[in-house]
A.B. asks: 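One structure, as structure tokens, below. Some questions next.
Note that ligands are numbered from 1 as they come in the structure, with each ligand's atoms numbered from 1 the same way. For the numbers below, each heavy atom of this structure counts, side chains included, while hydrogens, waters and symmetry mates do not.
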Amino acid sequence: MTNKLKYFIGNWKMFGDFSSFKIVHKINQFSHKLKNKHKIKIILCVPNTLIYFFRKKLKTKYISLGVQNCHSQQDYGPFTGAISSLMLKKAGAEYIILGHSENRAEGESNQLIKKKILSSLKQKLNIIFCIGETFNEKKAGKTFSILKKQIRNSLAKNFNVNKILFAYEPVWSIGTNKIPKIEELEKIIKFIKNEIKKNYKVKKDVKVLYGGSVNSNNIRLFSFIPQIDGFLIGGASQSSKKFIDIMKNYYK
Ligand code: PEP
């Protein structure tokens, strides 16, 4: 088992209320134990309605908290119902998911995601930038060109990519129980890392996570790919048991 830092990030999606703090609490306690044994970073990206409450309730913070999207305008403005990166930062977010395929499906373009990334970088938020192809794009052999386009059209040359964690999330894998073949995934992760190193100023390693139907059974398969720096976990992160079992099995 590798001793490289690994990220386990929960994307709660549209889930949770104040009573869900018990999930956060259990994961926080578990993180405390695991941190003595392994280099691990646990982040929970929760709905905007919960970030401030969880932040205040969490007395000893072994995990980090984040959110899942923002408006492209950086501070305040006439955008009814919208929340900016500044407001999220003030509410206690340290991380933000951007470019998730569920948001792309509602019309987010690479250009709009670029504005959101810029506004979040200005607020010094750490970004979890999701990229990935649809099933039809995969079938048409377009995976690499789609990933390239999503990266180039959303990241300007002068963006600080060192504040970005890349999450490869094939759209056909999200919430479907389907996962990529290990050899394919290995190639894609390497491709993303090379793409970033080639085109941007990178200080340290490029961090690339995998996301899509990760669970406590299939996590062992992924643990054999050392290039993967961690996981973005959707459905399974809404249960402390499921999320904790994923981490336990990863390090078994
Ligand atoms: C996600 O929403 O980012 C995700 C990976 O979902 P799931 O784990 O449920 O497939």
A.B. asks: Is Gln238 close to Ile23 at the side-chain level, that is, under 4.5 Å between some pair of heavy atoms?
C.D. replies: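 Contact flag for Ile23/Gln238 side chains = no.
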A.B. asks: Can you tell me how the ring of Phe191 sits relative to the ring of Phe144, calling it parallel under 30°, perpendicular over 60° and tilted otherwise?
C.D. replies: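 The arrangement is perpendicular - the two ring planes meet at more than 60°.
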A.B. asks: Is it the case that Asn69 and Lys116 place a side-chain donor and acceptor less than 3.5 Å from each other?
C.D. replies: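 A donor-acceptor contact under 3.5 Å links the two side chains.
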A.B. asks: Looking at the rings of Phe243 and Phe30, which for Trp means the six-membered one, are their centres under 6.0 Å apart?
C.D. replies: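 They do not qualify: ring centres at least 6.0 Å apart.
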A.B. asks: Can a side-chain donor-acceptor contact be found between Ser19 and Asp17 if the only test is distance below 3.5 angstrom?
C.D. replies: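 On atom types as modelled, these side chains qualify, holding a pair under 3.5 Å.
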A.B. asks: Would you please write out the protein residues whose heavy atoms approach any atom of ligand 1 to under 4.0 angstrom, listed by chain and number?
C.D. replies: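 Only Asn11, Lys13, His100, Glu169, Ser173, Ile174, Gly175, Gly211, Gly212, Ser213, Leu232, Ile233, Gly234, Gly235 have heavy atoms that fall under 4.0 Å of ligand 1, ordered by chain and number.
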A.B. asks: Quick one: does Gln68's side chain have a donor or acceptor within less than 3.5 Å of a partner on Asn11's backbone?
C.D. replies: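 No, Gln68 side chain to Asn11 backbone: no donor-acceptor pair under 3.5 Å.
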